[in-house]
Structures are given as C-alpha cells and as structure tokens.
2 protein chains.
Amino acid sequence: MHKRLRLGGHGLFPAGRDPEERCTTDERRIPEATVARLPLYYRALVEVAEQAVGTVSSEQLASLAGVNAAKVRKDLSYLGSYGTRGVGYDVDYLMREITQELGLTQDWPVLIVGLGNLGRALANYRGFGARGFRIVALVDADPEKVGQCIGEMTVETLGDLPAIVAERRVAIAVIATPAHAAQEVADRLVEAGVRSILNFAPAVVSVPEGVSIRKVDLATELQILAFYQQHREHV
Amino acid sequence: MHKRLRLGGHGLFPAGRDPEERCTTDERRIPEATVARLPLYYRALVEVAEQAVGTVSSEQLASLAGVNAAKVRKDLSYLGSYGTRGVGYDVDYLMREITQELGLTQDWPVLIVGLGNLGRALANYRGFGARGFRIVALVDADPEKVGQCIGEMTVETLGDLPAIVAERRVAIAVIATPAHAAQEVADRLVEAGVRSILNFAPAVVSVPEGVSIRKVDLATELQILAFYQQHREHV
DNA sequence: CGGTGTGAAGCCTTTCACAGCA
DNA sequence: TGCTGTGAAAGGCTTCACACCG
C-alpha cells in the first residue's frame, strides 16, 4: 500500500478547501531537510547491500551517511515505519522504499545546456547517469558548437529546445552556460516545459512557481571555505 | 576599527566562562546561513558597482541576490551597521567590508586532486579563479596522468602532496577523484596541512575537528530534483 | 519620508530521552 | 535486551513589524 504525499504550499491546490476534507487528507509531508538526505541514505544502502547484509541499524546507516542516528530514525519515520525494533531496517525493503520515494524507478531524461568546459565534463561524466538519469540532449547557442560530437551525442541548437524537450520528454535540465546567459536559458527551458533545473552558472536565476531550481556554485563554495579558513587563521 | 569575530562552538574556548565576562565579551558570531549568503551579496555588489551607483537599498540587493530584504538587513547587521537609514548601503564601503570578511583580499592557492573529466574541467574553468582563488597544483594518483599538461600546469604525483602543500602554501583543496579514493585523499590532504576541502566525489568524507569540508554532489542534486518532480507529477 | 536596525514571534530542524515492541 | 519510533525540548533561521534616524 502506498500513500500519497503532499508537498509544500506551492499553490497547486485550490486555496479554500473544506476543512473536513483537509483533516481526512493523508497529510504526510516530508521536510525539505529530510528529502535532501534521502540520496545519502540511498547511497549508504547501496553500499550495505553490496555486502549482502540483511539489516542495518540507524547507527550504522548514520555513520555511512555521515549524519547522526537520531536524524536517520526521524527521517525514515517520515517515509513510514519500516524498521523492526530491536533489529534495525531490512536493507532491501528500505532501499526499495527510498528508490520509490526519490523516483529512481523511472527513467529521467536529462538535457544539458551550454557546452563549455564544465558542460562537456558533465556530458562525459559517468556516474552522473547514476541510476535513472540519462543525458538525452546537448544544446548550445553558439553555432560553432552546434554539430560537434561529444561522447556519443551531437550538440544541437538552442532554437530546437521546444521540440527536443517535448519529443524526448525532458523533465530535468542542467544549465552550464556563462552567467549572463543563465536567466534567458532558464526562461526558455521553462517555456519549453522543463520543470526541474540544476544551475551551474554563477548567477541568480528565478523561475515561476511550480518549477524547481537548485544551484551548484563553485565560486560560492570556495568563498565560504575561505571565510572559515581566514577566521581560523585569525584565531 | 575592526572587531574580532568568534566562530561556532568548536570548543576552542574553555566551557565554564564567568557570566560577567561573557557579557562584556564582544561576542559577534556570524550564523552559518549568513556566511553562505555573503558570496551572493558580494556578487550582487559587483554588479551594482559596475553601474557606478553609489548606494543600494536592502530591497535592491535582495532582488539581485535572490533573497528577501529582511534577510539582507539582518545578515548585514551581523557584519556591523554599515547602512544609512533612509538611504541604503554605500556600495564601495559595503563591498570592502564583505571582501574583507570573506577573506577575498588575500590570495588563496588551490590544489586539485584527481584529473578525470571533472577535475580537468575544473582546472580549466575560468571564473573559478574568480577573485583570489588561484590553482597552483594538479595532483593524481595514476602514473599515466602524472606528467600530462592541462592548461598551463603539469600533473604531479600524489606522493608529493606534503611538499606541494607546504611550498605553495595551499590552504584549500578540491577532491575530484572517484568516490572510493576520496577518504584516503582527504586524510592525506589533512596530514599535509590542508584545512579546507571541497569534495566533488560522491562519497561521505570525514575530517577531524578544525578542518572544513563542503561537498558538491551532482547525483544528489539530481535526485532531489527528481523527488520533487515526481511528487508534482503524481499531484 | 524612506530605509535601516532589531527585538520578538513563528517556523523548521535537530537533538534528547524514553516508551514500546520484536 | 536492543533498537526503533516519537513526543517534547532546544536551537537556529526567517519573517514580521516598527522604532529610530538621516
């Protein structure tokens, strides 16, 4: 049996709902912080499963995932109570549940926009395609780049976005363009129907409600490290 | 005048302090969440400064940095009260303060370990060296790779880490190795004297107290996006 | 006036600690 | 006995709202 989950107040539901109905709704939201840790647990479980162990304790999972045991238990309890007291969690079962929850049972066609150094590296990055994520298109605005082969794919033109997204059912796109192009690319992606974006460009990109965007920013990460490093040095 | 800051409760100070003393201590910790946003403000300020504007309001900064105005004001108030009521913040002055705080006035020699696809891309990534970060060494364990030229640098061997770190005063290292090598590389980095690590390998890496580590994990990011995408699709 | 600086409230997350169950 | 599941407490972050001041 699988219960339906509701996510944050993204305005996807009519505002004025009958209070009765709201109470009977199977309201089981998973906190963002927990969602962000599910991939860690997943990876830890893969490791455990390789060793053909039947069960794991929250303590073991915690150490493999680099968090503490209380957090593991609380997080997993949001998915449902899949553990056995006095024993631990069944590895296979838990892995199936998390796989399910993260949507890794299905195939996710991914599109990369921008094929400079970083984009090219991402295109070739094996283990990127880790479980379900499959790069199905490379797109660039530069006519020089269009037509080039990278790995086993050919770079296509930005203008074809709508067709590419529709035909190949792209749900997730990666932006690896220079900063100044990021917002326009995002707009075109959203217009083409993409609802999830991973942004590597060092720029703030905003998207309408109902679209998810996450960013990975090297310069920012280094600057944060520099902050702590500096303040350690100055005692 | 510049006040000294204290960072997190890392046990650097004796626990049982005289309450009197605690009150008089210039206790001005900057919350982690705020530190993580300083780079965004910095970038926003660079943009503003290019337009030769003298002051910015928290509202303007907020929109450029993709956060809200209250957050900007609170964050900046941790650095000190550098704004002028009714006017806003002096762009140059604020930029200098943040630059100072983030430690971007000094030069940060960076080392990259692991020169697969990703490592190579990072090595060539311009704008990585954005402000103060300078790649001073490339290191790999694979004898095949040692000696190769990437950009204007030559790949060196992992065994030389201690000498490289010491001589070139490396404070920050980037791990771009396969997952299975990450922990050992981290250990060797720490032993060699590195105190800040940015980890791109999809593995949990632990470091001793006093060393900062941050991670950038593509697979995790995609999985988080997949989670929300899936839960949107299922209504 | 207009916009900062900041207590206070509210929300989210983490941690604690132990009841409850195999 | 051992480990999960979970209320409750604690802590941290965000947001509000307005006093204060140039």
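Note: hydrogens, waters and symmetry copies are ignored here, and every other heavy atom, side chains too, is used. Every chain is numbered from 1, with letters handed out A, B, ... down the list of sequences. Treat the numbers as computed from the prediction; the structure is a model and nothing was measured.
- In this structure, Arg73(B) atom CZ and dC18(D) atom P are separated by 13 Å, rounded to whole Å.
- Regarding Arg29(B), its CZ atom lies at a distance of 12 Å from the P atom of dG11(D), rounded to whole Å.
- Chain B approaches DNA chain C over the interval dG2(C) to dA8(C), counting the first and last nucleotide 5' to 3' with an atom under 4.0 Å from its heavy atoms.
- Remark: P of dT14(D) and CD of Glu32(A) are 12 Å apart, rounded to the nearest angstrom.
- Counting to the nearest Å, the P atom of dA17(D) and the NZ atom of Lys74(B) are 14 Å from each other.
- Minimum interatomic distance between Pro39(A) and Gln223(B) (heavy atoms only, all atoms of both residues): CB-OE1, 3.1 Å.
- Comparing dT6(D), dC3(D), dC21(D) against the side chain of Arg85(A) picks out dC3(D) as the nearest.
- Nearest approach of Ala176(B) to Phe200(B), heavy atoms of both residues: CA-CB, 4.4 Å.
- Distance alone, capped at 3.5 Å, is enough to place a donor-acceptor pair between the Gln60(B) side chain and the Ser57(B) backbone.
- Looking at heavy atoms from C-beta onward, Leu79(B) lies in side-chain contact with Glu101(B) at the 4.5 angstrom threshold.
- Nearest-nucleotide mapping onto DNA chain C: of Thr84(A) and Ala33(A), the residue sitting toward the 5' end is Ala33(A).
- The two atoms that bring Val53(B) and Val91(B) nearest to each other are O-CG2, 3.4 Å, heavy atoms only.
- What separates OH of Tyr78(A) from C1' of dG7(D) is a distance of 11 Å, to the nearest Å.
- Less than 4.0 Å separates DNA chain C from at least one heavy atom of each of the following residues of residues 40-71 of chain A: Asn68(A), Lys71(A).
- Side-chain atoms of Glu233(B) and Gln229(B) include a donor-acceptor pair closer than 3.5 Å.
- Ion pair Arg43(B)/Glu47(B) not flagged as a salt bridge, since none of the NZ, NE, NH1 or NH2 atoms sits closer than 4.0 Å to an Asp/Glu carboxylate oxygen.
- No side-chain heavy atom of Tyr82(A) sits less than 4.5 Å from a side-chain heavy atom of Arg96(A).
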